[in-house]
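Worksheet for the structure shown next.
Below, read A as the first sequence line, B as the second, and so on, with proteins coming before strands; counting in each chain starts at 1.
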Number of protein chains: 2
Amino acid sequence: MGRLEESYEERLKERGLRVTRERRMILSHACEHFGHFYAHELLESLDRHGFRVSRATVYRTLAHLVEKGLLRRHELGDRKTFYEPVLGREHHEHMVCVCCGKILEFIQDEIERLQDQVCRQHGFRPLSHTLQIQGICRTCRRGGRGEIASHG
Amino acid sequence: MGRLEESYEERLKERGLRVTRERRMILSHACEHFGHFYAHELLESLDRHGFRVSRATVYRTLAHLVEKGLLRRHELGDRKTFYEPVLGREHHEHMVCVCCGKILEFIQDEIERLQDQVCRQHGFRPLSHTLQIQGICRTCRRGGRGEIASHG
DNA sequence: CTGACTGCAAAATGTTTGCAGATTC
DNA sequence: GAATCTGCAAACATTTTGCAGTCAG
């Protein structure tokens, strides 16, 4: 854990963020306990693990971490916001199972290319994009078991 | 206007919605005054035009109209929700200008096709999807004038 | 006439903010 | 020691809800 902690500290410093107990906790917790998570999940998890951080600090820190590229933020179509650690992971899109809430990732370079093309056609300079496919995952299609979403 | 009014009434009936003064007003106003709109814009516009409808009714009605396929609802990546009339218009995606808020539409069949392909690969049954490109529109790239968003 | 719809005001949700004191650099 | 954090509680924006009265079918 010491090693990892250090690396989190470094990552904060690299981005010009002050290193505080709270930020180390939030970043490491987000990276080690979650794949994708909602703000309230992080809040609850930190609390369960006995790490005291105020709601305000969590939100402020999440915003910083997103801004500095350590986390990504995504919005589901139902005004829910989730985050994911970046960790040098490639850009990717999401499929969200409407049945169990599971989130799958995928990349499709060709789609990216086509988007750029469309933008060029419209004189639009793309900065970022969101592609989400809502549907039913393999497991739910089979078992039909509406298992509880873990989002993690 | 009488003709249009009738058609709105019909459209409500067709979908099994009761026809009320408020619903007629909301649907016709949404269809005639807006391309894309936010709930609060509709609320304000109705008010400006002297149509009294309570906030609660507007929200409840928007939900009904979306459910019955007369409007579509979309979420921007910053937890803002906008609506658009359906009116038999084709499915399309959106480009959102982060500078002036303008919303452009586009379709790219090839992208749709590739999405289906990816889903098949993952055993995922697609139900719907969202593709939004955030960026800077032609006008803003030129003039740099951060004009006020009209969203209409 | 009954169930569905409406307005109102209050509640809920999820996130942000002002402030005073603590902390980092 | 200056600028930046933090916690707290209050504020916020948006949407939803309970309730009692009204209206469509």
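When distances run from any side-chain atom of Ser54(B) to the nucleotides dC5(D), dG7(D), dC8(C), the shortest one goes to dC8(C). Proximity note for Arg18(B) (side chain, C-beta onward) versus dG3(C), dT17(C), dC25(C): the nearest is dG3(C). Comparing dT6(D), dT17(C), dT6(C) by their closest approach to the side chain of Ala56(A) singles out dT17(C).
OP1 or OP2 of dT6(D) has at least one side-chain nitrogen or oxygen of Thr20(A) nearer than 4.0 Å. Considering only side-chain N and O atoms, Thr81(A) lies under 4.0 angstrom from the phosphate OP1 or OP2 of dT15(C). One finds a side-chain N or O of Tyr59(A) lying less than 4.0 angstrom from the OP1 or OP2 phosphate oxygen of dT15(C).
Distance Arg15(A) CZ to dT24(C) P: 22 Å, rounded to the nearest Å. In this structure, the CZ atom of Arg60(B) is 15 Å from the C1' atom of dT14(D), given to the nearest Å. For Leu43(A) and dT13(C), the CG to C1' distance is 14 Å, given to the nearest whole Å. One interatomic measurement links the two molecules: CG of Leu46(B) to C1' of dG7(C), which rounds to 15 Å at whole-angstrom precision. In this structure, Lys80(A) atom NZ and dT14(D) atom P are separated by 18 Å, rounded to whole Å. At whole-Å resolution of the value, CE in Met25(A) and P in dT6(D) are 10 Å apart. Straight-line distance from the NE2 atom of His64(A) to the P atom of dT17(C): 12 Å, rounded to whole Å.
Within 4.0 Å of Arg52(B), counting heavy atoms only, lie sugar-phosphate atoms of the nucleic acid but no base atom. Residue-level contact check: Arg23(A) touches the backbone only, with heavy atoms under 4.0 Å from sugar-phosphate atoms and none from bases. Nucleic acid contact for Arg55(B): base, since at least one base atom lies under 4.0 Å from a heavy atom of the residue.
Of the possible donor and acceptor atoms, none in the side chain of Arg23(B) sits under 3.5 Å from a partner among the backbone N and O of Thr61(B).
Of the inter-residue distances, the one linking Lys68(B) atom NZ with Arg11(B) atom CZ reads 15.5 Å to the nearest 0.5 angstrom.
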Check against side chain to side chain donor-acceptor pair (under 3.5 Å), His33(B) and Glu41(B): CA-CA 10 Å; His33(B) 291 253; Glu41(B) 290 181 317; over 6 Å; no
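Residues Thr130(A) and Thr130(B) have side chains not in contact (no heavy-atom distance under 4.5 Å, counting atoms from C-beta outward).
By the 30° and 60° cut-offs, the orientation of the rings of His92(A) relative to His94(A) is perpendicular.
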